[in-house]
There are 2 protein chains.
Amino acid sequence: MMITRTMNKSQIKLISTLERVGGFASAQELYQMLRRDGDGIGLTTVYRALQSLLDDKIVDVLRREDGEALYRLCGEAHHHHLVCRSCGSTVEIEGSSVEKWAEAVAQEHRFREVGHTVELFGLCSKC
Amino acid sequence: MMITRTMNKSQIKLISTLERVGGFASAQELYQMLRRDGDGIGLTTVYRALQSLLDDKIVDVLRREDGEALYRLCGEAHHHHLVCRSCGSTVEIEGSSVEKWAEAVAQEHRFREVGHTVELFGLCSKC
DNA sequence: AATGTTAATGACAACCATTTTCATTTTTGC
DNA sequence: GCAAAAATGAAAATGGTTGTCATTAACATT
């Protein structure tokens, strides 16, 4: 038997928008991108679809420094970001050493289902 | 000559409240603690004082998973947290390996003034 | 003490991301 | 086609955070 995840139209639209973005984007940004493309989608639906995708672990969420939620496709390779505080440009970083460290810490303290947030914020060479 | 930082009453109150808390607390929580102690401080002042303390690097800020800002005294030793998603209990973690990694990444990409957010969220052994 | 100057304060409103509500529309199984 | 269930979006509510502004406290100078 195969588990078929119900994936509705809105979710599909969001996935392809996120693919187009490449990196990560806020709900509001995604909403505006879709509207600009002539889609009549509502903001509520965007939030709802993102929540479903989160539940299904199809997207990941992280917080910008100002607290706004940013979503991205959980790509194949899990990675982190180095974000410029000033211009917003981002560099993708992989850090297997950090992954291992996080896992070890989790085990040591007997925590289960431990996820981690590792983001670097600074000023890029141009700013 | 010595640089004397002007530190007003509100800021001092917040520092001692944060000391009492030990860990980290949201602006709203700090506000309520002070009010409960009979202090007539206003919410605006709490936010303002926290912002000044942030500017002076006396407190640190991190984001809860729901986006709310949490403040803590920048203790001597910089450390991270392992937070239980369910009951909120937290374990302080030190991770010099992570610090070094972050620094190396920043240099590699020629970013300046790079800070990092490293927080682990999971379920503790009781939950 | 009286005065003037400046910083600090708090009530209140504004902001903005996110969530809830609810009536309507679309999808789906039969 | 038709009824039940899921999805949708407009509008209002929520809640943390920030801005406004008139009032007050702090402090230096006469």
Side-chain angles (χ1 to χ4, degrees), chain A residues 3-18 21 24-56 58-72 83 85 88 117 119, chain B residues 3-18 21 24-56 58-72 83 85 88 117 119:
Chain A
I3 296 173
T4 336
R5 290 205 184 280
T6 31
M7 176 85 67
N8 66 31
K9 238 187 282 187
S10 305
Q11 283 164 281
I12 292 172
K13 283 186 216 162
L14 278 170
I15 290 178
S16 58
T17 307
L18 279 169
V21 168
F24 46 113
S26 70
Q28 308 273 349
E29 285 163 358
L30 292 167
Y31 168 67
Q32 281 171 25
M33 291 181 72
L34 284 166
R35 299 295 293 214
R36 248 183 259 122
D37 293 356
D39 198 305
I41 198 168
L43 187 51
T44 315
T45 305
V46 170
Y47 277 105
R48 258 189 304 235
L50 285 171
Q51 188 55 56
S52 304
L53 292 172
L54 267 182
D55 293 344
D56 294 350
I58 295 177
V59 305
D60 239 0
V61 67
L62 75 95
R63 295 271 164 188
R64 209 185 297 180
E65 274 196 336
D66 69 354
E68 191 171 352
L70 299 178
Y71 303 84
R72 69 179 162 191
V83 184
R85 245 193 289 273
T117 301
E119 301 298 331
Chain B
I3 296 172
T4 338
R5 287 202 188 283
T6 30
M7 176 85 67
N8 65 33
K9 236 185 287 185
S10 305
Q11 283 164 284
I12 292 172
K13 282 186 219 161
L14 278 169
I15 290 177
S16 58
T17 307
L18 278 170
V21 167
F24 47 113
S26 71
Q28 308 273 347
E29 284 164 359
L30 293 168
Y31 168 67
Q32 281 171 25
M33 290 182 74
L34 284 166
R35 299 295 293 212
R36 248 183 259 123
D37 292 357
D39 198 307
I41 198 169
L43 186 52
T44 315
T45 303
V46 170
Y47 276 105
R48 258 190 305 234
L50 285 171
Q51 188 54 55
S52 304
L53 293 173
L54 267 183
D55 292 345
D56 293 349
I58 296 177
V59 306
D60 239 2
V61 66
L62 74 93
R63 295 271 164 189
R64 209 184 298 177
E65 274 196 334
D66 69 355
E68 191 171 354
L70 299 178
Y71 303 84
R72 67 176 164 193
V83 184
R85 246 193 290 271
T117 300
E119 302 297 332

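Each chain gets a letter, A, B and so on, in the order its sequence line appears, and its residues count up from 1.
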I'd like a list of close polar pairs between nucleotides 27-30 of chain C and the protein, N/O only, cut-off under 3.5 Å.
| residue | atom | partner | partner atom | Å |
| --- | --- | --- | --- | --- |
| C/dT27 | OP1 | A/Lys9 | NZ | 2.8 |

**OP:** From the options C/dT18, D/dT8, D/dG16, select the nucleotide whose nearest atom is closest to the side chain of B/Tyr47.
**Re:** D/dG16
Original post:
Which atom names give the shortest non-hydrogen contact between A/Ile41 and A/Arg35, and what distance separates them?
Top reply: O-NH1, 2.6 Å
**OP:** Calculate the interatomic distance between B/Gln28 atom CD and D/dT18 atom C1'; express it in whole Å.
**Re:** 12 Å
**OP:** With sequence neighbours excluded, tell me which residues meet side chain to side chain donor-acceptor pair (under 3.5 Å) with A/Asp66.
**Re:** none
**OP:** Dump the intermediate steps for side chain to side chain contact (heavy atoms under 4.5 Å, CB included) on A/Gln51 and A/Asp55, then the final yes or no.
**Re:** CA-CA 6 Å; A/Gln51 188 55 56; A/Asp55 293 344; 3.1 Å; yes
**OP:** Please collect all salt bridge (charged side-chain N to carboxylate O under 4.0 Å, His left out) contacts where either partner lies in residues 43-54 of chain A, sequence neighbours excluded, each pair once.
**Re:** none
Original post:
To the nearest Å, how far apart are B/Ile12 CD1 and D/dA26 C1'?
Top reply: 14 Å
Original post:
Which residues in residues 35-43 of chain A have at least one heavy atom lying under 4.0 Å from any atom of DNA chain D?
Top reply: A/Gly40, A/Ile41, A/Gly42
Original post:
How would you label the contact of A/Ser26 with the nucleic acid (heavy atoms, under 4.0 Å): base, sugar-phosphate, or nothing?
Top reply: nothing
**OP:** Please step through side chain to side chain contact (heavy atoms under 4.5 Å, CB included) for the pair A/Met33 and A/Val21, ending with a clear verdict.
**Re:** CA-CA 10 Å; A/Met33 291 181 72; A/Val21 168; 3.7 Å; yes
Original post:
Would you say the side chain of A/Met7 lies within less than 4.5 Å of the side chain of A/Ile15, judging by non-hydrogen atoms?
Top reply: yes
Could you list, one pair per line, each protein nitrogen or oxygen that sits under 3.5 Å from a nitrogen or oxygen of nucleotides 19-24 of chain D, together with the distance?
| residue | atom | partner | partner atom | Å |
| --- | --- | --- | --- | --- |
| D/dG19 | O6 | B/Thr44 | OG1 | 3.2 |

**OP:** Report the distance from atom CD of B/Gln11 to atom C1' of C/dA8, rounded to the nearest whole Å.
**Re:** 10 Å
Original post:
How would you list, by chain and number, every residue that makes a side-chain contact (heavy atoms from CB on, under 4.5 Å) with A/Tyr47, sequence neighbours excluded?
Top reply: A/Ala27, A/Gln28, A/Leu43
Subject >> OP1 or OP2 of D/dT8 under 4.0 Å from side-chain N/O of A/Ser10 >> reply: yes
Original post:
Given atom CG of A/Leu62 and atom P of C/dA17, what is their separation to the nearest angstrom?
Top reply: 16 Å
Original post:
For the side chain of B/Arg63 and the backbone of A/Glu65, is there at least one donor-acceptor N/O pair under 3.5 Å apart?
Top reply: yes
**OP:** For B/Gln51 and C/dG10, give me the distance from atom CD to atom C1', rounded to whole Å.
**Re:** 18 Å
Subject >> Atom-to-atom span, CD of A/Glu68 to C1' of D/dT17 - whole angstrom >> reply: 13 Å
**OP:** Quick one: do A/Tyr71 and A/Asp60 satisfy side chain to side chain contact (heavy atoms under 4.5 Å, CB included)? Show the steps, please.
**Re:** CA-CA 6 Å; A/Tyr71 303 84; A/Asp60 239 0; over 6 Å; no
Subject >> B/Arg64 with B/Glu29: basic N within carboxylate O range, under 4.0 Å >> reply: yes
Subject >> Nucleotide D/dA5, atom P - distance to CG of A/Asn8 in whole Å >> reply: 18 Å
Original post:
Does the B/Asp37 side chain pair with the main chain of B/Asp39, one donor and one acceptor, at a distance under 3.5 Å?
Top reply: no
Original post:
To the nearest Å, how far apart are A/Leu50 CG and D/dA7 P?
Top reply: 15 Å
